[in-house]
Every structure is written in C-alpha cells, then in structure tokens.
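Before any comments, here is the structure.
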There are 2 protein chains.
Amino acid sequence: MRRSFEDMKILLRQQNIKLSHHRLKVLEYLAKHHIHPTVEQIYDDLHKEIPTLSKTTVYNSLHALANAGLVRIITIEDNETRYDLEVEPHGHFKCERCGIIFNFTIDIDKISTNELNHFEIREKSVYFKGICPTCLQQVKDNDYWRIGI
Amino acid sequence: MRRSFEDMKILLRQQNIKLSHHRLKVLEYLAKHHIHPTVEQIYDDLHKEIPTLSKTTVYNSLHALANAGLVRIITIEDNETRYDLEVEPHGHFKCERCGIIFNFTIDIDKISTNELNHFEIREKSVYFKGICPTCLQQVKDNDYWRIGI
DNA sequence: TTACTTATTTGTAATAATTACAATATCATA
DNA sequence: TATGATATTGTAATTATTACAAATAAGTAA
C-alpha cells in the first residue's frame with residue numbers, strides 16, 4: 001500500500017498533525033528519494049532548496065511523521081539512523097562494503113512465534129547484513145579476498 | 001549451541017585473540033548476565049570489581065569479541081547499543097515501556113527470500129517492539145490507556 | 001626466570017549524533 | 001485579519017563513541 005502524497009496529507013490531517021511547509025518538504029523528500037537517507041543527507045539536500053531549514057527541524061519533522069505512522073526509523077547499526085517511508089512490511093539488507101540499504105519483501109507474519117503470545121507486538125523489523133552483488137563483483141575483479149570491509 | 005566459557009577460550013586462541021584479563025572478564029560478564037547490557041552497564045558493574053577498568057577497554061573488548069564471532073551487537077534503536085553472547089539464532093523483542101529485551105526463538109531460515117539470491121548474507125537480525133506482558137498488566141491495573149510509552 | 005616483542009589497556013581529548021529549551025515565526029480557524 | 005496553538009530556529013548541552021600516544025601486561029623463547 002504505497003501511499004500517494006495526497007493520501008499522506010489526508011492521513012496527517014486526520015491525526016491532527018499540522019502540515020507545515022518544512023514538514024511536507026521532509027515527507028516529499030522521502031517520497032521522492034527511496035535511498036533510506038540519514039538526517040544529514042536530508043538536511044544537506046533540502047538546505048540547498050530551503051536555506052532557512054535547521055537540522056533540528058528535520059529531526060522534529062521525522063519524529064512527528066514517525067509517530068503518525070508515515071515514516072519508519074531504521075537503526076541497523078548505531079551511529080547512523082536512517083529513515084524510510086512506511087509502506088508494506090519489508091526487510092532491509094545493508095551492504096557492509098558500500099553501505100547501501102536494499103529493500104526486500106518478506107512475509108513477516110511467518111516469523112511470529114508462540115513464545116510471544118502474551119506480548120503486544122507493535123513493530124517487526126528484519127535486518128540482514130552482508131555484501132551486495134555489485135560489491136561482490138568488484139571484490140572478485142580486484143582479486144582480493146579480505147572482505148574485512 | 002550455547003558455548004561453555006572454556007569452549008570460548010579455545011575459540012579465541014584459535015583466532016589468535018589474546019585472552020587478556022579484562023577481555024575475559026567482559027566475556028564472563030556476558031556469559032553470566034543474559035540481560036543484553038549496554039556498555040554503561042557492563043562498565044559500571046565490572047568497575048566495582050576491577051577499579052582500574054576503563055570504558056575504552058570495554059569498547060575494545062566487545063569489538064574484539066564481536067569480530068571473533070562470540071558477541072553480537074544489538075542495535076534496535078539508536079542511542080543504546082547492546083551486547084549479547086552469540087548463540088543460536090534468535091529474535092529480540094524490546095518492550096517500549098520498561099526497555100527490557102527478551103529473546104525468542106525463530107526459524108531464521110524461513111525468512112530468506114529469492115530476491116537476495118545474489119547477495120552474500122552474513123548476518124540476520126529480527127527485532128520486534130511492543131509491550132511485554134508485565135507492562136500490559138500494569139497498564140491494565142492503572143486503567144490508563146495512553147500507551148504512548 | 002629473564003629479557004624481549006607484541007598486543008592490550010589506559011586516560012585524555014576529539015568527534016559526532018541527538019536533544020533541551022527559550023525566543024520567534026507560522027499556521028488554522030473563526 | 002486577529003488569535004491562540006503549534007512549528008521552527010539557533011544555540012548550547014548531553015551523550016555515545018572513537019582516536020591516539022603513553023604505560024602496562026601478556027606470551028614466547030632463550
């Protein structure tokens with residue numbers, strides 16, 4: 001259920017979240033760039049367009065959007081929190097070499113377990129790490145096998 | 001395959017990782033306390049016993065042990081990295097109210113997907129968030145339903 | 001045991017991400 | 001357009017983590 005930008009606006013109104021200019025810009029950025037950006041990336045890019053934008057506002061906006069259920073916070077590793085539009089459940093694969101995060105579809109309900117019967121589950125995340133095909137190929141070409149990174 | 005402390009020592013020797021006193025203490029701590037501690041917790045507790053221990057050493061030890069494959073770094077949320085002994089694959093459930101992290105067993109191979117056929121997968125993590133039974137009960141008792149936290 | 005080599009540990013200082021907060025600006029609605 | 005509520009800014013504080021050089025300890029071989 002990929003939402004249109006207009007649908008998202010309606011959702012925000014329903015939840016009584018004000019559609020401020022900057023907030024919409026952050027949302028729009030995520031809708032346009034499916035790159036799981038960091039706050040830094042979002043700030044740097046939007047700052048060019050909106051010189052008065054502050055990093056604090058980016059944080060505030062992302063948190064507001066996350067609370068509204070429109071944005072998902074991805075923390076695969078510490079020191080780099082990333083943000084993604086909330087769409088249908090999917091897993092994230094992070095390449096340890098180039099750092100790119102790939103989506104992959106999973107049937108997340110298969111993972112449920114009866115050990116958690118009495119728990120209220122609100123969010124399920126699946127994170128894989130490894131090496132992506134492009135990097136695997138480069139490593140092969142360079143003929144070195146220390147894939148320490 | 002829960003490893004005994006002795007097994008772990010052998011593993012370390014095999015990988016040419018020196019069994020220094022502090023390093024072993026950190027490992028022992030994790031083996032004794034299955035609470036997914038933060039660096040802070042490990043440091044605070046061990047510091048009582050070993051007054052000369054520095055926090056840097058805790059970081060160093062944990063990273064060395066993680067590279068050796070004995071310790072798993074858990075980053076469910078930013079701002080709190082936690083550490084766990086590497087045992088058979090399992091998922092982590094974090095209660096959003098009390099912060100406790102619970103283990104649960106999963107058949108992690110069920111999650112694999114043909115979309116990642118050309119990826120080299122090195123690590124699979126499954127993180128759930130929600131409310132644990134104890135907290136659910138307390139919320140009920142207190143008769144308030146704003147489970148914002 | 002002793003000396004030697006190498007790796008670990010320490011402590012301090014730097015870095016970087018995130019948050020707190022008060023002042024200011026903007027929005028939504030009547 | 002006036003009003004009250006909320007968003008945004010900017011600075012400063014906080015916190016987790018890392019860098020690095022000096023001191024220390026471990027492992028090894030004579």
Side-chain angles (χ1 to χ4, degrees), chain A residues 9-29 36-68 70-71 73-83 99 148-149, chain B residues 9-29 36-68 70-71 73-83 99 148-149:
Chain A
K9 279 194 190 173
I10 291 166
L11 251 171
L12 286 173
R13 273 190 215 283
Q14 280 173 353
Q15 300 198 41
N16 235 15
I17 298 206
K18 300 292 154 56
L19 315 134
S20 76
H21 181 233
H22 293 179
R23 207 168 265 176
L24 285 176
K25 276 296 181 185
V26 169
L27 188 57
E28 190 192 34
Y29 183 89
H36 312 89
T38 62
V39 167
E40 200 65 29
Q41 279 176 291
I42 300 171
Y43 173 74
D44 285 350
D45 284 356
L46 285 183
H47 187 70
K48 291 170 196 158
E49 217 184 307
I50 318 165
T52 70
L53 182 74
S54 81
K55 207 184 263 187
T56 309
T57 298
V58 177
Y59 276 107
N60 288 344
S61 301
L62 287 170
H63 289 159
L65 294 169
N67 285 335
L70 287 173
V71 163
I73 299 173
I74 308 174
T75 43
I76 300 187
E77 294 178 292
D78 51 329
N79 77 35
E80 57 161 29
T81 306
R82 287 151 171 275
Y83 299 85
I149 270 184
Chain B
K9 279 193 190 174
I10 292 167
L11 251 172
L12 287 173
R13 271 189 218 283
Q14 282 173 351
Q15 301 198 42
N16 235 16
I17 297 207
K18 300 293 154 57
L19 314 134
S20 76
H21 182 233
H22 291 181
R23 209 168 264 177
L24 285 177
K25 277 295 181 185
V26 169
L27 189 56
E28 192 192 32
Y29 182 89
H36 314 88
T38 61
V39 167
E40 199 66 28
Q41 278 177 291
I42 300 172
Y43 173 74
D44 285 349
D45 284 355
L46 286 183
H47 187 69
K48 292 171 193 157
E49 216 183 308
I50 319 164
T52 69
L53 183 72
S54 81
K55 205 183 265 187
T56 310
T57 299
V58 178
Y59 276 106
N60 288 344
S61 302
L62 287 170
H63 289 160
L65 293 169
N67 285 335
L70 287 173
V71 162
I73 299 172
I74 308 174
T75 41
I76 300 187
E77 293 177 293
D78 51 328
N79 77 36
E80 59 162 27
T81 307
R82 287 151 171 275
Y83 299 85
I149 272 184

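- Between Y43(B) atom OH and dT15(D) atom P the separation is 16 Å, expressed in whole Å.
- The CG atom of L12(A) sits 16 Å away from the P atom of dT6(D) (whole-angstrom rounding).
- Between Q41(A) atom CD and dA17(C) atom C1' the separation is 15 Å, expressed in whole Å.
- Under the rule for a side-chain contact (heavy atoms from CB on, under 4.5 Å), the partners of A68(A) that lie at least two apart in sequence or sit in another chain are L12(A), Q15(A), I17(A).
- Atom P of nucleotide dA25(D) and atom NZ of K25(B) are separated by 16 Å, given to the nearest angstrom.
- H63(A) is linked by a side-chain contact (heavy atoms from CB on, under 4.5 Å) to Y59(A), I73(A), Y83(A), counting only residues two or more places apart in sequence or in another chain.
- At distances below 3.5 Å, not a single donor-acceptor pair connects side-chain atoms of E49(A) with backbone N or O atoms of L46(A).
- Using a 4.5 Å heavy-atom threshold, the side chains of V26(B) and L65(B) count as touching.
- Every residue two or more places apart in sequence or in another chain that forms a side-chain contact (heavy atoms from CB on, under 4.5 Å) with I50(A) is listed here: H22(A), K25(A), T52(A), L53(A).
- Taking atom CD1 of I42(A) as the reference point, atom P of dA17(C) lies 13 Å away to the nearest angstrom.
- Atoms CD1 (I73(B)) and C1' (dT18(D)) sit 14 Å apart, rounded to a whole Å.
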Encode nucleotides 3-16 of chain C as B, S and - characters from 5' to 3', where the letter depends on protein heavy atoms closer than 4.0 Å: B to the base, S only to sugar-phosphate, - to neither.
----SSBBBB----
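- Judged by closest nucleotide on DNA chain D, Y59(B) is the one of R13(B) and Y59(B) placed further toward the 5' end.
- Look at OH on Y83(A): it is 12 Å from P on dA17(C), rounded to the nearest Å.
- Legend: residues meeting side-chain contact (heavy atoms from CB on, under 4.5 Å) with N67(B), ordered by chain and number and at least two apart, are absent.
- Residues passing the salt bridge (charged side-chain N to carboxylate O under 4.0 Å, His left out) test with K18(A), sequence neighbours excluded: none.
- Remark: D44(A) pairs with no residue by the salt bridge (charged side-chain N to carboxylate O under 4.0 Å, His left out) rule, at least two apart or across chains.
- When the salt bridge (charged side-chain N to carboxylate O under 4.0 Å, His left out) test is applied to R82(A), the partners found at least two apart in sequence or on another chain are E80(A).
- Summary for the helix from dT1(C)-dA30(D) to dA30(C)-dT1(D): the axes at its two ends, each from 5 pairs, differ by 40° when rounded to the nearest 10 degrees.
- Place T81(B) and L19(B) on DNA chain D by their nearest nucleotides, and T81(B) ends up nearer the 5' end.
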